[in-house]
Amino acid sequence: MTHEDSVLLTRDGATLTVTMNKPARRNALSEEHLAALLDAFEQAADSDASGVVLAANGPVFSAGHDFADVAERDHEGVARLLELCTRLMRTIQSVPQVVIARVHGLATAAGCQLVASCDLAVAGQSAGFALPGGKGGWFCHTPAVPVARAVGRKRLMEMALTGETVDAATAEQWGLVNRVVPDAELDGAVADLLDRATRGSPASKALGKRTLYAQLDRPESEAYDVALEVMAEASQSPAAKEGMAAFLAKRKPEWPE
């Protein structure tokens, strides 16, 4: 699959839709896929669109980082990958348009981070959200940064420490998504919320969004610096190596002491 078709960018009126298009890989965020997503959002930022929808093809929204891409990297290589991922997340929040996630199926680890990084999110009832590193060998350090800012400390700790999947209704209750609808009504609900969120002056909206994040996320840069380095370093731990190797070999992991 080429760089161009791993992410699709389509326009309908004033709305741009960025669609992750690697269903066979569960829209896993390899370096190539992260770069394609970043390119799409940079193109969106330069357009006159008023809203951006982040969607996905296939049964899963996004399974997060692609272990096939991570497992062979050294510390510096993983740090570069996480820096690219962090750049994508921050670009989503810095583009002048309102960005809304259209979530169906599972959004796990960095896939959950994507949802939390969007301005708004609408989920179908099939959606599920998880920071699964808590039950594996490589903790979800960086994905937890925007999730923490959406759900609060105790709920973050439950997600991060248990690694268990939160269903769509719970995600709405916790503040990770704005609303949940039947899957068949997902497109309509996304369009409705985006239409209401893009009313008014585009320039004013862009400044408003930028200012909101400037005051809401003042500690976030420091949090990312810490989380990124720890996650990159942790990728080289025996537990992380074993967890990735077991995942790739489709076997049960044998955790080192």
Side-chain angles (χ1 to χ4, degrees), residues 6-8 17-30 33-34 36-38 40-41 52-67 69-70 82 85-86 88-93 99-136 138-152 155-156 158-160 162-183 185-187 189-190 193-194 231 247:
S6 68
V7 173
L8 308 176
T17 299
V18 177
T19 305
M20 294 182 282
N21 190 39
K22 297 183 71 175
R25 296 294 300 162
R26 297 164 62 89
N27 296 311
L29 300 173
S30 63
H33 199 206
L34 286 168
L37 281 167
L38 178 60
F41 275 97
V52 180
V53 177
L54 176 60
N57 286 334
V60 170
F61 181 78
S62 176
H65 286 296
D66 189 338
F67 281 0
D69 188 17
V70 177
L82 294 175
C85 185
T86 301
L88 168 63
M89 304 300 167
R90 300 199 67 120
T91 296
I92 288 171
Q93 295 185 341
V99 181
I100 185 169
R102 176 201 182 280
V103 190
H104 72 284
L106 289 173
T108 62
C112 188
Q113 182 183 11
L114 269 177
V115 177
S117 296
C118 290
D119 306 322
L120 302 166
V122 177
Q125 289 175 338
S126 68
F129 305 86
L131 299 177
K135 58 181 180 180
W138 193 31
F139 202 80
C140 289
H141 299 280
T142 51
V145 172
V147 174
R149 286 153 175 77
V151 304
R155 288 160 175 172
L156 168 76
E158 183 173 338
M159 290 185 72
T162 69
E164 293 169 354
T165 300
V166 171
D167 64 24
T170 304
E172 181 184 20
Q173 180 187 0
W174 287 6
L176 186 57
V177 301
N178 294 86
R179 58 184 47 82
V180 177
V181 298
D183 282 18
E185 299 173 17
L186 191 50
D187 287 328
V190 167
L193 181 55
L194 188 60
M231 193 166 183
F247 178 90

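All values derive from a computational prediction rather than experimental measurement.
Remark: Thr165 pairs with no residue by the side chain to side chain donor-acceptor pair (under 3.5 Å) rule, at least two apart or across chains. For Ala150, the side chain to side chain contact (heavy atoms under 4.5 Å, CB included) partners at least two apart in sequence or on another chain are Leu176. Take Asp119 and apply the side chain to side chain donor-acceptor pair (under 3.5 Å) test, not counting sequence neighbours, and it matches Lys209, Tyr213. With sequence neighbours left out, Arg155 forms a side chain to side chain donor-acceptor pair (under 3.5 Å) with no residue at all. Not counting sequence neighbours, the partners of Asp187 by the salt bridge (charged side-chain N to carboxylate O under 4.0 Å, His left out) test are Arg102. The side chain to side chain contact (heavy atoms under 4.5 Å, CB included) check on Ser126 picks up His104, Asp183, with sequence neighbours excluded. Partners of Glu164 under the side chain to side chain contact (heavy atoms under 4.5 Å, CB included) rule, at least two apart in sequence or in another chain, are Thr162. By the ring-ring contact (aromatic ring centres under 6.0 Å, His included) test, His141 is found to be paired with Phe139, residues two or more places apart in sequence or in another chain being considered. When the side chain to side chain donor-acceptor pair (under 3.5 Å) test is applied to Thr19, no partner is found at least two apart in sequence or on another chain.
Screening residues 165-174 for salt bridge (charged side-chain N to carboxylate O under 4.0 Å, His left out) gives no qualifying pairs among residues at least two apart or on separate chains.
Between Trp138 and His65, the angle of the ring planes lies from 30° to 60°, which puts this pair in the tilted group.
Across Gln93 and Ser117, no two heavy atoms sit closer than the pair CG-O, 3.1 Å.
To the nearest 0.5 Å, atoms CG (Leu54) and CZ (Phe41) are separated by 4.5 Å.
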Could you walk me through whether His33 and Asn27 pass the side-chain contact (heavy atoms from CB on, under 4.5 Å) test, one step at a time? CA-CA 8 Å; His33 199 206; Asn27 296 311; 4.3 Å; yes
